[in-house]
Amino acid sequence: MFLLAFAWLLYGAIHSFMASNYFKNLAAKMLGKYFRFYRLIYNILAFMLLIPVFNIKFSTEKEALWQVTYYQSIIGKTITICGVLLISRALQGYNLLEFSGLDFNKNQEKNEFKNDGLLKYMRHPIYFGILLFVWGMFVTEASTRSLTSAVAVTIYLFVGIYFEEKKLIEVFGEKYRKYQQDVPMLIPFLRF
């Protein structure tokens, strides 16, 4: 399990570094006029770096923590499906060509403050959907490898949210601070 936890946390560290302004500025210098491909390159690298993590996860022996009942399985699958539906719904609020990096004409430096759709109710609906997904998978499988993955992804997402929100405050200033005060981070109507 240590190797799986390490793989997830290494992935999270690399992914966060690649999302940082430092790396983005470095990429802008290195890519020059090709910087318009930055988002696409970032997404391809993020996806490719997941491959060894999933390889480790699925090659790790599945040690059951308990025998999953039929009802637990239904609950876990329902939570997982809710996570997928939430992610899908949240993505509808974005220009998917831009989000994926396939909008090569888009100015990479233009930032637009968004607080519509699901963003009216929670600041990070995609992350909340991911949390539902990984914890739903844990409830469905109830294994050490699914628990390790769920805990590691949860840690990574909270660290990622911290750094992402710092970056958003740098970009949007008081507008984002007000948004933080008005809208819960993950769960609608629930403040931490």
Side-chain angles (χ1 to χ4, degrees), residues 4 6-58 83-131 133-134 149 152-183 185-186:
L4 178 59
F6 179 76
W8 273 116
L9 295 175
L10 181 61
Y11 172 82
I14 293 169
H15 191 262
S16 290
F17 178 69
M18 290 186 333
S20 71
N21 283 334
Y22 173 81
F23 186 82
K24 193 172 184 178
N25 292 334
L26 183 65
K29 288 177 189 172
M30 290 173 54
L31 294 172
K33 67 179 182 176
Y34 299 106
F35 184 66
R36 66 179 187 260
F37 298 109
Y38 169 77
R39 182 78 182 181
L40 178 62
I41 294 167
Y42 170 83
N43 286 329
I44 290 170
L45 285 173
F47 177 77
M48 289 177 62
L49 289 170
L50 275 175
I51 294 170
V53 176
F54 283 120
N55 186 37
I56 291 168
K57 179 182 182 199
F58 291 112
V84 170
L85 293 174
L86 182 60
I87 293 166
S88 299
R89 178 68 179 104
L91 287 173
Q92 290 175 4
Y94 294 93
N95 174 340
L96 293 182
L97 282 177
E98 179 186 333
F99 191 83
S100 66
L102 293 172
D103 187 355
F104 302 124
N105 297 318
K106 174 82 172 143
N107 179 359
Q108 294 285 334
E109 296 306 313
K110 183 179 177 243
N111 291 304
E112 179 186 344
F113 181 74
K114 294 182 67 62
N115 63 349
D116 55 349
L118 290 177
L119 295 171
K120 287 188 284 193
Y121 309 105
M122 61 186 109
R123 297 193 309 267
H124 301 283
I126 294 173
Y127 295 162
F128 185 47
I130 292 169
L131 288 172
F133 181 83
V134 296
S149 293
V153 168
T154 300
I155 291 169
Y156 166 66
L157 286 179
F158 277 98
V159 170
I161 286 170
Y162 172 79
F163 286 112
E164 182 176 333
E165 292 207 328
K166 280 183 73 165
K167 199 161 73 169
L168 290 167
I169 289 169
E170 285 177 25
V171 173
F172 299 111
E174 277 308 308
K175 193 175 195 178
Y176 195 80
R177 286 186 198 279
K178 171 116 175 63
Y179 178 63
Q180 283 179 305
Q181 292 172 357
D182 295 343
V183 178
M185 182 189 304
L186 293 171

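Heavy atoms only: backbone and side chains are in, while hydrogens, waters and symmetry mates are out. We count residues from 1, following the sequence as given.
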Nearest atoms (heavy-atom pairs only) where [X] meets [Y]:
X      : Y      : value
Phe133 : Val84  : CD1-CG2, 3.6 Å
Arg89  : Leu118 : CG-CD1, 3.6 Å
Ile126 : Ala90  : CG1-CB, 3.6 Å
Ala7   : Ile56  : CB-CD1, 3.7 Å
Leu119 : Val183 : O-CG1, 3.8 Å
Ile130 : Leu157 : CG2-CD1, 3.7 Å

So Phe54 and Trp8, would you call those rings parallel, tilted or perpendicular, with 30° and 60° as cut-offs?
perpendicular

Relative to the ring of Tyr42, is the ring of His15 parallel (under 30°), tilted (30 to 60°) or perpendicular (over 60°)?
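Tilted: the ring planes of His15 and Tyr42 meet at 30° to 60°.
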
Is [Y] close to [X] at the side-chain level, that is, under 4.5 Å between some pair of heavy atoms?
X      : Y      : answer
Phe17  : Tyr22  : yes
Met122 : Tyr127 : no
Leu168 : Arg123 : no
Phe158 : Leu186 : yes

In Å and rounded to the nearest 0.5 Å, what is the [atom1] to [atom2] distance from [X] to [Y]?
X      : Y      : atom1 : atom2 : value
Leu40  : Asp103 : CG    : CG    : 11.5 Å
Phe128 : Leu86  : CZ    : CG    : 7.0 Å
Arg39  : Leu102 : CZ    : CG    : 11.0 Å
Asn43  : Met18  : CG    : CE    : 8.5 Å
Asn21  : Glu170 : CG    : CD    : 5.5 Å
Ile51  : Asn55  : CD1   : CG    : 9.5 Å

Would you call Arg177 and Glu174 a salt bridge, taking side-chain N to carboxylate O under 4.0 Å as the test?
yes

Go through Phe35 and Met30 one step at a time and tell me if the side chain to side chain contact (heavy atoms under 4.5 Å, CB included) criterion holds.
CA-CA 8 Å; Phe35 184 66; Met30 290 173 54; over 6 Å; no

Measure from the ring center of Phe113 to the ring center of Tyr179 and say whether it is less than 6.0 Å.
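Phe113 vs Tyr179: aromatic centres under 6.0 Å.
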
Assess, by modelled atom type and distance only, whether the side chains of Tyr176 and Glu165 contain a donor and an acceptor separated by less than 3.5 Å.
yes

If you draw a 6.0 Å radius around NZ in Lys166, do more than 12 non-hydrogen atoms from other residues or ligands fall strictly inside?
no

